[in-house]
Amino acid sequence: WARGARKDAHAWSAVQLEGSWYLVDVTWASGHVTDSGRFVHCLSMEYWCAKPEELIRTHFPSAKKWQLLPNPISKAEWERMKSSSR
């Protein structure tokens, strides 16, 4: 999360386990909100200990270093990548 972030922005965590970095988003891992606004509890392991190369598809940190990628990408590259995967 970053000061001045959008209202729908949220935080996720970076953890180092046995020398490797992973990303954890407990918000997205816990479930989702339906179109009618109801929260549905549904554990998604996709967001637990995700590899940086995987989470960057849906998450763009405000500080490049927290992409945890060998070659960080720009916001413009991320937007293009997001658009092409829809």
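No experiment lies behind these values; they were computed from the predicted model shown.
- The OG atom of Ser74 lies 6.5 Å from the NZ atom of Lys64; values are rounded to the nearest 0.5 Å.
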Show the numbers, then the answer: is there a side-chain contact (heavy atoms from CB on, under 4.5 Å) between Val15 and Trp21?
CA-CA 6 Å; Val15 295; Trp21 283 96; 5.8 Å; no
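- The shortest non-hydrogen separation linking Pro61 to Ile56 is CD-CD1, 4.3 Å.
- Nearest heavy atoms, Arg57 versus Met81: CA-CE, 3.8 Å.
- Residue Thr27 holds its OG1 atom at 14.5 Å from NE2 of His32, rounded to the nearest 0.5 Å.
- Looking at heavy atoms from C-beta onward, Trp66 lies out of side-chain contact with Leu23 at the 4.5 angstrom threshold.
- Under the side chain to side chain donor-acceptor pair (under 3.5 Å) criterion, Ser13 pairs with no residue at all, not counting sequence neighbours.
- With hydrophobic clusters built from ILVMFWY side chains whose heavy atoms lie under 4.5 angstrom apart, Leu68 does not share a cluster with Val24.
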I would like to know whether Trp28 and Thr58 meet side-chain contact (heavy atoms from CB on, under 4.5 Å); could you show each step before the answer?
CA-CA 11 Å; Trp28 284 27; Thr58 54; 3.7 Å; yes
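- The CD atom of Gln67 lies 10.5 Å from the OG atom of Ser62; values are rounded to the nearest 0.5 Å.
- A distance of 4.5 Å separates NE2 of His59 from CG of Leu55, quoted to the nearest 0.5 Å.
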Taking only distance into account, with no hydrogens and no angle test, what donor-acceptor pairs under 3.5 Å do side-chain atoms of residues 47-54 form with protein atoms, sequence neighbours excluded?
none

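- A single hydrophobic cluster is not seen to contain both Val40 and Leu43; linkage of ILVMFWY side chains at heavy-atom distances under 4.5 Å, directly or through other members, places them apart.
- In this structure, the side chains of Phe39 and His41 come closer than 4.5 Å at one or more pairs of heavy atoms.
- Within the 4.5 Å cutoff, the side chain of Tyr22 has heavy atoms near those of the Leu17 side chain.
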